[in-house]
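Structure first, then comments.
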Amino acid sequence: MNEDTLFTVLQALPTAIDTPLVIFDNPEQAQTWIQLNGFEKDNLWVITNDERQYWVVSDDVGKQLINLGFQRIKVKLPPVLPQSSEVPGDETV
């Protein structure tokens with residue numbers, strides 16, 4: 001991990017943080033984490049400054065990091081299809 005990038009992100013964090021700071025190797029992993037953990041997607045941003053690490057941060061931290069050269073990544077994941085409740089071999093004829 002680039003120590004300068006980590007230091008920059010840590011400086012942008014508020015002293016009282018209620019959102020976890022997580023890092024991923026690609027933006028799809030980051031967006032999936034946001035969805036799986038029940039966060040509203042507008043409240044968290046996926047950002048990067050080198051396209052090697054993708055940070056999930058709150059919108060206020062994201063705004064500060066944008067001013068420091070980071071870019072916000074918009075990720076569209078494919079829709080999740082509802083799981084069928086049918087058990088294979090249990091079809092009604």
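For the single chain, residues carry numbers from 1 onward in sequence order.
Note: Asp50 CG to Asp4 CG = 11.0 Å, rounded to the nearest 0.5 Å. Note that CG of Asn26 and OH of Tyr54 are 7.5 Å apart. Values are rounded to the nearest 0.5 Å. Taken from CG in Leu65 to CG in Asn49, the straight-line distance is 8.5 Å, to the nearest 0.5 Å.
Nearest heavy-atom pair, Arg72 versus Ile66, reported as atom, atom and distance to 0.1 Å: N-CD1, 3.5 Å. Nearest heavy atoms, Val56 versus Trp33: CG1-CZ3, 3.9 Å. When all heavy atoms of Pro27 and Val75 are compared, the closest pair comes out as CB-CG2, 3.5 Å. Here the closest non-hydrogen pair linking Asp59 and Trp45 is CB-NE1, 3.4 Å.
Side-chain contact between Gln71 and Thr48 is present, with at least one heavy-atom pair separated by less than 4.5 Å. At a threshold of 4.5 Å between non-hydrogen side-chain atoms, the residues Gln31 and Val46 count as touching. Looking only at side-chain heavy atoms (C-beta outward), Ile47 and Ile73 stay at 4.5 Å or farther from each other. Using a 4.5 Å heavy-atom cutoff, the side chains of Trp55 and Val61 are not in contact.
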